[in-house]
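One structure is given below, encoded as structure tokens.
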Number of protein chains: 2
Amino acid sequence: MKPYLIQVLKELALLGAINNRVEISSGELAAQIKTSQQTASRYLLELDEMGLIGRELGVKKQMIRITEEGANVLRDEYTQYQRIFELPEKIYLSGVVTSGMGEGRYYIEQKGYKIQFKEKLGFIPYPGTLNIEIKPVDRNKIRLLKKTDVIRINSFKSGDRTFGEVRCFPATINDVECVLVLPARGHYSTVLEFISPVSLREKLNLKDGDNINITVSLPREGERCYEE
Amino acid sequence: MKPYLIQVLKELALLGAINNRVEISSGELAAQIKTSQQTASRYLLELDEMGLIGRELGVKKQMIRITEEGANVLRDEYTQYQRIFELPEKIYLSGVVTSGMGEGRYYIEQKGYKIQFKEKLGFIPYPGTLNIEIKPVDRNKIRLLKKTDVIRINSFKSGDRTFGEVRCFPATINDVECVLVLPARGHYSTVLEFISPVSLREKLNLKDGDNINITVSLPREGERCYEE
DNA sequence: ATTACTAGTAAGCGAGTAT
DNA sequence: TATACTCGCTTACTAGTAA
């Protein structure tokens with residue numbers, strides 16, 4: 001979808017072309033979007049061919065109406081802006097199922113973690129984590145999570161070693177509820193670990209390489225903290 | 001403002017670049033917006049030169065943050081989408097002060113209208129209308145108004161002639177409250193007439209040719225009616 | 001008046017590559 | 001690895017104009 005066509009569609013929508021036909025000549029549209037009449041005419045032809053607008057050409061002007069499909073294009077844009085400005089409650093990620101090397105399992109089996117999971121999450125996790133590899137660029141979204149404070153699992157000592165603090169976020173994978181577990185310290189990884197009372201791999205019938213969609217819930221506004 | 005730059009800015013914002021710095025290479029951005037690394041690099045240069053983003057170039061990746069100015073560009077876009085989808089309570093117009101030929105005055109001085117103005121608007125208008133010429137393309141917005149029902153002034157007979165039904169809409173001109181009066185029948189005009197208890201021309205200190213901004217309030221959702 | 005075609009020009013794109 | 005330059009190619013633009 002060409003960006004300039006979205007802009008034109010938006011302009012038509014602002015004139016009311018979503019719920020009504022709108023009377024506008026290519027010259028008028030051109031003035032509105034500050035381009036030439038010829039270009040405006042071409043835009044309308046393109047939008048028409050793509051089925052995003054409908055036109056009734058009269059002898060003089062034309063009546064234009066945005067189609068359902070065209071309205072959907074704009075609605076999608078609107079949704080994106082809402083995600084930007086409406087201090088989102090969720091972030092959206094997609095990723096691929098991978099196999100870790102069983103370290104996730106080793107960690108969550110530690111008594112010091114298990115007690116806290118039971119207390120703060122209300123369940124003892126199935127012994128094993130579901131590892132999801134996300135796109136490197138989406139680590140920026142994880143960055144946001146690291147600054148928030150949802151459910152905090154404290155660090156503890158066991159024998160000679162220390163197990164670090166981790167943070168938990170209510171999440172869904174393909175609409176199944178689970179919990180994202182992030183180490184509070186350390187470098188950003190492209191692999192996320194999820195836990196649940198039951199085996200997510202079985203419940204979701206997943207195998208390595210499967211694509212899945214993730215949503216992660218963010219805490220309420222007041223608890224949010226940003227840089228600087 | 002080039003449409004494709006807005007799209008890129010939006011993409012960065014979706015990664016969280018408004019409140020945080022975001023770590024992204026030109027190649028990653030390219031993949032995100034489905035273009036080449038070179039083009040993505042050029043986009044970032046353009047946005048940087050325009051002051052819409054700030055960059056910290058490291059040896060490897062770069063940290064990007066949307067500036068206040070950049071955020072404003074996106075906020076303006078968002079506002080436009082809100083006007084499209086949030087079933088607006090107001091429509092926004094701009095226009096130029098013109099002189100009619102005194103017909104407005106003739107009409108509102110009619111007793112049949114005056115009684116109804118007093119009853120339904122709560123005031124007897126200053127004897128004269130403020131005429132505002134709008135852009136022809138904005139008649140589409142007026143079209144929306146014609147389908148709504150805010151304050152209806154009934155037609156009446158006086159002597160041998162009939163005075164038609166008119167509709168009134170709460171409005172503001174340069175933030176001063178007034179009332180837009182539209183004939184219920186007849187062709188769309190590019191000249192709108194406004195009334196008020198006092199002389200709007202004096203109160204706003206207007207002369208012919210002055211540019212003014214208008215907002216017109218629409219009725220609540222339930223009362224709205226669309227074509228078809 | 002319009003819409004929209006043609007043709008010449010300008011802007012945008014991406015492969016190759018320097019840094 | 002990165003970023004971002006050059007340059008040939010493609011796409012988009014507008015003036016002129018036909019319908």
Side-chain angles (χ1 to χ4, degrees), chain A residues 1-12 15 17 21-66 135-140 187-190, chain B residues 1-12 15 17 21-66 135-140 187-190:
Chain A
M1 186 64 200
K2 297 173 185 170
Y4 61 81
L5 289 182
I6 297 178
Q7 294 293 318
V8 174
L9 209 54
K10 186 191 71 187
E11 212 64 45
L12 291 170
L15 291 170
R21 285 172 307 159
V22 144
E23 186 180 350
I24 191 171
S25 70
S26 55
E28 280 173 330
L29 177 61
Q32 201 77 5
I33 57 182
K34 296 191 184 8
T35 186
S36 68
Q37 174 270 320
Q38 292 87 337
T39 294
S41 176
R42 190 164 38 78
Y43 286 165
L44 293 175
L45 282 168
E46 286 187 61
L47 288 170
D48 199 353
E49 276 164 31
M50 295 174 75
L52 303 183
I53 62 170
R55 299 199 292 168
E56 300 162 35
L57 283 114
V59 194
K60 295 185 69 181
K61 296 193 181 178
Q62 53 191 321
M63 299 298 281
I64 293 176
R65 164 171 227 148
I66 294 176
K135 283 181 291 182
V137 73
D138 278 340
R139 279 186 299 166
N140 289 301
H187 213 274
Y188 304 111
S189 164
T190 55
Chain B
M1 185 66 201
K2 298 173 187 171
Y4 61 81
L5 289 182
I6 297 177
Q7 294 292 319
V8 175
L9 209 55
K10 187 190 70 184
E11 212 64 44
L12 291 170
L15 290 170
R21 284 171 308 158
V22 144
E23 186 180 350
I24 190 171
S25 70
S26 55
E28 281 173 331
L29 177 61
Q32 201 76 5
I33 58 182
K34 297 188 184 5
T35 185
S36 68
Q37 174 271 322
Q38 292 88 337
T39 295
S41 175
R42 191 163 37 79
Y43 286 165
L44 292 175
L45 282 168
E46 286 188 62
L47 288 169
D48 199 354
E49 277 164 28
M50 296 173 76
L52 304 182
I53 61 170
R55 299 199 292 168
E56 300 162 36
L57 282 113
V59 194
K60 294 185 69 181
K61 296 192 180 178
Q62 52 191 317
M63 298 299 281
I64 293 177
R65 165 171 227 147
I66 294 175
K135 284 180 291 183
V137 73
D138 278 340
R139 278 186 300 166
N140 289 301
H187 214 273
Y188 305 112
S189 163
T190 56

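Predicted model, so just to flag it, every value in this text is computed and none were measured. Residue numbers begin at 1 in each chain, while the letters A, B, ... track the order of the sequences. Side chains are part of it too, since the values below use all heavy atoms of this structure and drop only hydrogens, waters and symmetry mates.
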Rounded to the nearest angstrom, tell me the gap between atom [atom1] in [X] and atom [atom2] in [N].
{"X": "I24(A)", "N": "dT3(C)", "atom1": "CD1", "atom2": "C1'", "value": "14 Å"}
{"X": "L57(A)", "N": "dA19(D)", "atom1": "CG", "atom2": "C1'", "value": "14 Å"}
{"X": "M63(A)", "N": "dT3(C)", "atom1": "CE", "atom2": "C1'", "value": "17 Å"}

One character per nucleotide, please: for nucleotides 5-11 of chain C, 5' to 3', B when the base has a protein heavy atom closer than 4.0 Å, S when only the sugar-phosphate does, - otherwise.
B------
When all nucleic acid strands are considered with a 4.0 Å heavy-atom cut-off, which category describes L44(A): base, sugar-phosphate, or nothing?
nothing
Base, sugar-phosphate or nothing for S25(B)? Non-hydrogen atoms, less than 4.0 Å.
sugar-phosphate
Does some side-chain heavy atom of [Y] sit less than 4.5 Å from a side-chain heavy atom of [X]?
{"X": "E28(B)", "Y": "K135(A)", "value": "no"}
{"X": "K10(A)", "Y": "I66(A)", "value": "no"}
{"X": "Q7(B)", "Y": "I33(B)", "value": "no"}
{"X": "E46(A)", "Y": "Y4(A)", "value": "yes"}
{"X": "M1(A)", "Y": "L52(A)", "value": "yes"}

Is the distance from OP1 or OP2 of [N] to the nearest side-chain N or O of [X] less than 4.0 Å?
{"X": "R42(A)", "N": "dA4(C)", "value": "no"}
{"X": "S41(B)", "N": "dT3(D)", "value": "no"}
{"X": "Y43(B)", "N": "dG12(C)", "value": "no"}
{"X": "T35(B)", "N": "dG14(C)", "value": "yes"}
{"X": "S36(B)", "N": "dC13(C)", "value": "no"}

What's the separation between atom [atom1] in [X] and atom [atom2] in [Y], rounded to the nearest 0.5 Å?
{"X": "M50(B)", "Y": "L9(B)", "atom1": "CE", "atom2": "CG", "answer": "9.0 Å"}
{"X": "E23(A)", "Y": "N140(B)", "atom1": "CD", "atom2": "CG", "answer": "6.5 Å"}
{"X": "M63(A)", "Y": "R55(A)", "atom1": "CE", "atom2": "CZ", "answer": "13.5 Å"}
{"X": "I53(B)", "Y": "R21(B)", "atom1": "CD1", "atom2": "CZ", "answer": "14.0 Å"}
{"X": "Q62(B)", "Y": "S26(B)", "atom1": "CD", "atom2": "OG", "answer": "6.0 Å"}

Numerically ordered, the residues 46-56 of chain A set in heavy-atom contact under 4.0 Å with DNA chain D is none
Specify the angle, to 10°, made by the local axes at the two ends of the helix from dT2(C)-dA19(D) to dT19(C)-dA2(D) when five pairs are taken at each end.
40°
Carefully, step by step, assess L15(A) and L29(A) under the rule side chain to side chain contact (heavy atoms under 4.5 Å, CB included).
CA-CA 10 Å; L15(A) 291 170; L29(A) 177 61; 5.6 Å; no
